[in-house]
Amino acid sequence: MYHYSAIQWLFFFYFYCFFGWVFESTYVSLKSRKFVNRGFMRGPFLPIYGSGAIMMLVVSMPFQKNIFLTYIAGCLGATALELVTGMTMEALFKVRYWDYSNQRFNYKGHICLSSTIAWGFLTILMTEFVHKGVEKVVFAVPSIIITVVTIVLTEYIVVDFTLSFKAAMDLRDVLIGLEKAKEEMERIQKRLDVLIAVANDDRAARKQERSMRADELMDSIEDKFSTLKERIKLNPSEFVEEVREEIMELRSKYSVEKEHRLQFRRLRGYYQRSQLKGNPTMYSKRFEEALEELKKAAAEKRKKG
């Protein structure tokens with residue numbers, strides 16, 4: 001059994017948060033051939049690794065003399081943690097920070113069989129080898145030093161996590177805003193289609209053959225406004241006063257939504273841009289197009305310096 005004080009448990013959590021950040025940032029940076037500061041937070045800490053490590057230690061406590069049960073406990077405990085964390089983060093932020101949808105035997109992309117199997121082996125590695133060495137080092141350091149370091153780290157991590165959480169919520173609002181702006185533009189386009197169809201003496205508005213991306217949608221709306229403007233100029237009597245007023249109203253609504261999209265895409269917050277940069281595999285099924293647009297905008301901003 002592990003007999004640690006609250007300060008020691010907290011220090012172990014921070015240590016494994018840092019260890020996880022070093023491991024994952026190194027792996028992703030080598031794969032991307034450029035430095036990538038991985039994770040939800042901006043500092044060198046990945047809470048999912050710290051939580052996972054502590055979870056492995058806790059669930060393996062009753063089975064320290066039975067390596068098979070330690071393996072099973074690690075599989076179940078880590079998978080449960082990954083599932084709850086993934087579902088909670090997606091519900092809060094509307095994006096996934098990891099996704100196993102392309103893996104066989106996955107559940108809603110949050111967990112998968114291969115990951116579960118790996119968690120069991122990692123639990124054995126953690127409890128039988130890694131943590132024993134870390135424990136010796138911590139016990140060799142005077143407790144006052146561990147206490148001071150833990151308190152300082154707590155203050156720093158609380159601030160970092162608070163700012164990162166706010167940035168993630170802001171990013172969620174941006175995604176929702178972009179999607180709402182697009183939906184409003186789609187309604188504007190459908191009404192313009194009706195006006196053009198009626199002017200052509202065609203009582204059924206044309207249906208869109210496919211769903212347009214936001215930039216294509218904006219180009220299409222601009223073309224329709226240009227078409228209507230030319231037709232009004234060539235044959236004013238073709239459009240009654242009420243229709244002209246509606247066209248002007250639609251133009252005004254379109255201008256507002258277009259400005260909304262431009263404002264959302266600017267991503268003024270450093271933490272928002274950092275989250276996109278540090279999580280290149282971030283995914284959202286519902287807001288896929290909006291998220292890709294933000295990633296592109298953030299990349300363009302970095303290039304401009």
Side-chain angles (χ1 to χ4, degrees), residues 1-28 38-41 45-139 150 157 161 164-165 168 278-279 281-285:
M1 299 291 288
Y2 300 111
H3 300 285
Y4 305 134
S5 67
I7 286 290
Q8 288 172 329
W9 275 114
L10 199 54
F11 181 84
F12 287 134
F13 171 73
Y14 294 153
F15 174 83
Y16 290 118
C17 285
F18 174 73
F19 178 82
W21 176 85
V22 171
F23 170 78
E24 189 153 334
S25 293
T26 300
Y27 172 76
V28 176
R38 282 290 286 162
F40 177 77
M41 298 168 61
F45 299 97
L46 281 174
I48 187 65
Y49 278 87
S51 301
I54 298 302
M55 178 280 308
M56 290 176 186
L57 296 177
V58 172
V59 299
S60 67
M61 277 187 187
F63 316 112
Q64 288 183 340
K65 295 182 179 180
N66 189 318
I67 195 168
F68 175 74
L69 291 179
T70 296
Y71 174 84
I72 297 300
C75 288
L76 297 177
T79 299
L81 175 65
E82 194 170 35
L83 176 62
V84 171
T85 303
M87 293 180 68
T88 301
M89 292 184 76
E90 184 173 19
L92 280 174
F93 308 131
K94 308 304 180 187
V95 297
R96 294 183 179 187
Y97 285 79
W98 65 86
D99 182 45
Y100 296 126
S101 297
N102 62 340
Q103 301 290 323
R104 296 181 64 186
F105 308 111
N106 75 83
Y107 177 71
K108 296 185 177 181
H110 295 298
I111 57 176
C112 67
L113 180 59
S114 59
S115 178
T116 296
I117 293 171
W119 281 123
F121 287 113
L122 285 172
T123 300
I124 294 174
L125 179 66
M126 164 68 71
T127 56
E128 296 297 319
F129 302 99
V130 176
H131 187 67
K132 289 181 178 179
V134 174
E135 181 186 64
K136 288 180 181 179
V137 171
V138 171
F139 283 169
T150 302
I157 288 174
F161 182 84
S164 299
F165 184 88
N279 297 278
T281 58
M282 185 187 291
Y283 169 76
S284 175
K285 184 175 182 180

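- Using a 4.5 Å heavy-atom threshold, the side chains of S115 and Q103 count as separate.
- In this structure, Y49 OH and I54 CD1 are separated by 15.5 Å, a value rounded to the nearest 0.5 Å.
- With N279 contributing its side chain and G39 its backbone, the two residues share a donor-acceptor pair below 3.5 Å.
- One finds the CD1 atom of I48 at 12.5 Å from the OH atom of Y97 (value rounded to the nearest 0.5 Å).
- Side-chain contact check for I67 versus Y71: every heavy-atom pair is 4.5 Å or farther apart.
- The shortest heavy-atom contact between C75 and T116 is SG-O, 3.4 Å.
- Taking the side chain as every heavy atom from C-beta outward, F12 and V134 approach each other to under 4.5 Å.
- Crowding of F19 atom CZ: a count of heavy atoms from other residues, nucleotides or ligands under 6.0 Å not exceeding 12.
- With rounding to the nearest 0.5 Å, the separation of CD in E82 from OG in S51 is 12.0 Å.
- For F93 and F40, the gap between ring centers is short of 6.0 Å.
- Smallest separation of non-hydrogen atoms from W21 and L46: CA-CD1, 3.6 Å.
- In this structure, a donor-acceptor pair under 3.5 Å is absent between the side chains of Y283 and E90.
- Aromatic rings of W9 and Y4 (six-membered ring for Trp) have centroids within the 6.0 Å cut-off, being under it.
- In terms of heavy-atom proximity, K94 sits nearest to S284 at O-OG, 2.9 Å.
- Within the model, atoms CG of L113 and OG1 of T79 stand 9.0 Å from one another, a figure rounded to the nearest 0.5 Å.
- Distance check: L81 CG to L76 CG gives 12.5 Å after rounding to the nearest 0.5 Å.
- Side-chain N or O atoms of Q8 include one that pairs as donor or acceptor with a backbone N or O of S5 at under 3.5 Å.
- In this structure, Y16 and V130 have side chains that are in contact, with non-hydrogen atoms separated by less than 4.5 Å.
- A 4.5 Å side-chain heavy-atom check between M282 and W98 finds every atom pair outside the cut-off.
- No donor-acceptor contact under 3.5 angstrom links the side chains of Q64 and T127, judged on distance only.
- In this structure, the side chain of S60 engages the main chain of L57 through a donor-acceptor pair within 3.5 Å.
- Under the 4.5 Å side-chain criterion, counting only non-hydrogen atoms from C-beta, C112 is not in contact with Y107.
- By the 4.5 Å heavy-atom criterion applied to side chains, M41 and P47 are counted as neighbours.
- Within the 4.5 Å cutoff, no side-chain heavy atoms of F15 are placed close to those of V138.
- Other residues, nucleotides and ligands place more than 12 heavy atoms under 6.0 Å from the CZ atom of F139.
- Summarising the geometry of T26 relative to V22, their closest heavy-atom pair is OG1-O, 2.6 Å, with the distance given to 0.1 Å.
- Under the 3.5 Å distance criterion, the side-chain polar atoms of D99 are left unmatched by any main-chain donor or acceptor of R96.
- Considering all non-hydrogen atoms of both residues, F63 and T70 come closest at O-OG1, 2.7 Å.
- Separating the CD atom in E24 from the CZ atom in R38 is a distance of 4.5 Å, to the nearest 0.5 Å.
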